[in-house]
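Step one of this worksheet: look at the structure below.
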Amino acid sequence: MQFRALKGMNDLLPGETERWQRLEAAFRRTMELHGYGEVRTPVLEPLELFVRSTGETSEIVEKQMFELERGGERLALRPEGTPGAARAFIGANQHAREPVTRWYYIGPMFRAEQPQRGRYRQFHQAGCELYGDAGPIVDAEMIGMLVEFLSGLGLEKLDVAVNSLGGPTTRTRYREALLAYLEPRSSQLSEHAQRRLRDNPLRILDSKDPRDRAVVADAPSILDVLEGDDRAHFEGLCRALEALGIPYRVDPGLVRGLDYYTRTLFEIQSTQGELGSQNTLVGGGRYDGMLKSLGGPDLPAIGFALGIERLLLALGDTQVPRPRRCFIAPVGERAMLEGLTLARDLRRSGVIVELDARGGSLKSLLRRASNLGSTICLVLGDAELDRGVVQVKELERHTQADVPRDQVVEHVRAALENGAER
RNA sequence: GUGGCUGUAGCUCAGUGGUAGAGCACUGGAUUGUGGCUCCAGGUGUCGCGGGUUCGAUCCCCGUCAGUCACCCCA
């Protein structure tokens, strides 16, 4: 009986995890630079939390959650990070500690979907939550932060789309206007869209079905019914984006699948790299009513989530250079113990060391040192032990020299630092 | 959840109704302690798994699992 990883869940092995680490480090740097602190919340939450925040009618809650039961309580693996963070925010009475809170997170999310390129059942998101600022400036700042981050990684073909759903009242009004337009034309819509008419008509706006697109093309735009503060907020966002010089596209058809969004909605896509049809890198928006609906303070909030797997696909197969390292080749019994202590001493001064203690001929040890890409190989045999020295071979430079044992650490460090750039 | 395609060595893939190959990688060796090139040798395998047809299936059929692409949805 052999076990395999579950469908849509992947093992990440050394060789691949380096790219993840580099990306995560870059993300952390960006977030810290903007005053965000890392929050870590459980992967398992009460199922009801997602029903109440992500939304009963959302596809995610309806059929994509991994659910389990424990002691009569219904639990779910988190399908996204925002609800858990909101729960933590409320539970910690965070709003009483500071007027504005900026949190970021990185971690696995779970959705029971059919996997395909750029979409897995366990996937990873990096995201943030900003609580306590209702103005459009922070919206633009957040989008700007993302653009800086992504272009800093080398992504060029970014498509930034923004939209506004307005507040609850304009949303309801728009919904009615949309229904008034769509219902007489329902026969021209796809079966899917016809079902949507009842539960979530706004979702018809981003249908890919050509029939729906044709109908939707002349539908009333939500931007036309935006009024008062909602309109001022959206215009403020656009002005701020222009001030930052961020190219963006207003897309009235942009409707994300989470129920809690209000006002600002945004999405960043990339046409670069090996992304398939799953080319949305980042999705985000404002959810001003969520904290209150979860029993917390009536505070505005905005956030985004970025798909790490997708970002890695977009970035392509860039190799992360391996740090320079040292290989120790002990020849013979006596040399083994000397190799072991030498390795320890080198590591104490920060040198990456691989000790091959399997024995074998010097030839095979050297071959192995080469294949591992070691910069330096230390040869230890009877001849060296007798003279109290170590043979230091610089593999790339094809040089070798005997160095007294008590000078080896310093010698190796200097040699590794010298040609640091490869 | 739906549909198309795929599933052979660690990797990339050939292949035939009669019980398996190449390249790369890996390991060892080429006069006793000197690598990356060359040469030689060698593991490399339940031919995804389970049934069925057949004298006999890796090859044909069915199911299943996994991957992949698309839909749906989303990061």
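Naming: A, B, ... by sequence-line order, numbering from 1 per chain.
Contact of the Ile60(A) side chain with the Phe50(A) side chain is not registered, since no non-hydrogen atoms from C-beta on lie closer than 4.5 Å.
The ring pair (Phe, Tyr, Trp, His ring centres under 6.0 Å) test applied to Phe123(A) returns no partner, not counting sequence neighbours. Contacts of Arg78(A) classified as salt bridge (Lys or Arg N to Asp or Glu O under 4.0 Å), with partners at least two apart in sequence or in another chain: none. Taking Phe89(A) as the reference, Trp103(A), Tyr131(A) meet the ring pair (Phe, Tyr, Trp, His ring centres under 6.0 Å) condition, with sequence neighbours excluded. Listed by chain and number, the residues in a ring pair (Phe, Tyr, Trp, His ring centres under 6.0 Å) with Tyr120(A) amount to none (sequence neighbours excluded). Every residue two or more places apart in sequence or in another chain was checked for a salt bridge (Lys or Arg N to Asp or Glu O under 4.0 Å) with Glu69(A), and none qualifies. Residues that satisfy the ring pair (Phe, Tyr, Trp, His ring centres under 6.0 Å) test with His34(A), not counting sequence neighbours, are absent from this structure.
Val282(A) comes within 4.0 angstrom of the backbone, heavy atoms only, and of no base. Counting any heavy atom pair closer than 4.0 Å across all strands shown, Ala305(A) reaches sugar-phosphate atoms only and no base atom. Across all strands, Gln400(A) comes closer than 4.0 Å to base atoms (heavy-atom distances). Residue-level contact check: Glu59(A) touches the backbone only, with heavy atoms under 4.0 Å from sugar-phosphate atoms and none from bases. Note on Gly283(A): only backbone sugar-phosphate atoms sit closer than 4.0 angstrom, heavy atoms only; bases stay farther off. Contact annotation for His192(A): backbone-only contact, meaning every heavy-atom pair under 4.0 Å involves sugar-phosphate atoms and none involves a base. Within the nucleic acid shown, Gln269(A) has no heavy atom closer than 4.0 Å to any nucleic acid atom. Within the 4.0 angstrom heavy-atom criterion, no nucleotide atom of any strand lies near Glu309(A). Contact annotation for Lys393(A): base contact, defined as any heavy-atom pair under 4.0 Å involving a base atom. Using a 4.0 Å heavy-atom cutoff across all strands shown, Ala329(A) reaches no nucleic acid atom at all.
Here the C1' atom of nucleotide C37(B) and the CG atom of Leu395(A) are 16 Å apart, to the nearest Å. What separates CD of Gln64(A) from P of C71(B) is a distance of 15 Å, to the nearest Å. Atoms CZ (Arg111(A)) and P (G1(B)) sit 17 Å apart, rounded to a whole Å. At whole-Å resolution of the value, CG in Asp356(A) and P in G35(B) are 16 Å apart. Rounded to whole Å, the distance from CG on Leu378(A) to P on U34(B) is 18 Å. Atom C1' of nucleotide C73(B) and atom CG of Asp206(A) are separated by 9 Å, given to the nearest angstrom.
Pairs engaging residues 143-166 of chain A under the salt bridge (Lys or Arg N to Asp or Glu O under 4.0 Å) rule: Asp159(A)-Arg249(A) [sequence neighbours left out]. Within the structure, every pair that satisfies the salt bridge (Lys or Arg N to Asp or Glu O under 4.0 Å) test and touches residues 79-90 of chain A, not counting sequence neighbours, is listed here: Glu45(A)-Arg87(A).
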Dot-bracket for RNA chain B, 5' to 3', Watson-Crick and G-U pairs with both distances under 3.5 Å, [ ] for crossing pairs, | for partner on another strand, reads (((((((..((((.......))))((((((.......))))).)...(((((.......))))))))))))....

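At least one side-chain nitrogen or oxygen of Asn371(A) sits closer than 4.0 Å to the OP1 or OP2 atom of C26(B).
A donor and an acceptor atom, one from each side chain of Glu267(A) and Gln269(A), are located under 3.5 Å apart. In this structure, a donor-acceptor pair under 3.5 Å is present between the side chains of His233(A) and Asp139(A).
Taking the C1' atoms as reference points, A20(B) lies 14 Å from C13(B), given to the whole Å. Of the P atoms belonging to C47(B) and C59(B), the separation is 9 Å, rounded to the nearest Å. A gap of 11 Å separates the P atoms of G15(B) and G7(B), to the nearest Å. Taking the P atoms as reference points, U54(B) lies 35 Å from G1(B), given to the whole Å. For the C1' atoms, the distance from U64(B) to U6(B) is 15 Å, rounded to whole Å.
A salt bridge links Lys63(A) with Glu59(A): the closest approach of a Lys/Arg side-chain nitrogen to an acidic carboxylate oxygen falls below 4.0 angstrom.
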Table of protein N/O atoms under 3.5 Å from nucleotides 28-32 of chain B N/O atoms:
| from | atom 1 | to | atom 2 | distance (Å) |
| --- | --- | --- | --- | --- |
| G29(B) | OP2 | Ser361(A) | OG | 3.4 |

Contact list (N/O, under 3.5 angstrom) for nucleotides 65-69 of chain B vs protein:
| from | atom 1 | to | atom 2 | distance (Å) |
| --- | --- | --- | --- | --- |
| A66(B) | OP2 | Lys7(A) | NZ | 3.4 |
| G67(B) | OP1 | Gly8(A) | N | 3.0 |
| C69(B) | OP1 | Arg117(A) | NE | 2.3 |
| C69(B) | OP1 | Arg117(A) | NH2 | 3.4 |
| C69(B) | OP2 | Arg117(A) | N | 2.5 |

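Between the side chain of Glu396(A) and the base of G35(B) there is no donor-acceptor pair of N/O atoms closer than 3.5 Å. Between the base of C73(B) and the side chain of Arg119(A) there is a donor-acceptor pair shorter than 3.5 Å.
Proximity note for Arg368(A) (side chain, C-beta onward) versus U34(B), G35(B), U27(B): the nearest is U27(B).
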Which donor-acceptor pairs under 3.5 Å do the side chains of residues 35-43 of chain A make with protein atoms, sequence neighbours left out?
| from | atom 1 | to | atom 2 | distance (Å) |
| --- | --- | --- | --- | --- |
| Glu38(A) | OE1 | Arg28(A) | NH2 | 3.4 |
| Glu38(A) | OE2 | Arg28(A) | NH2 | 3.1 |
| Glu38(A) | OE2 | Arg40(A) | NE | 3.0 |

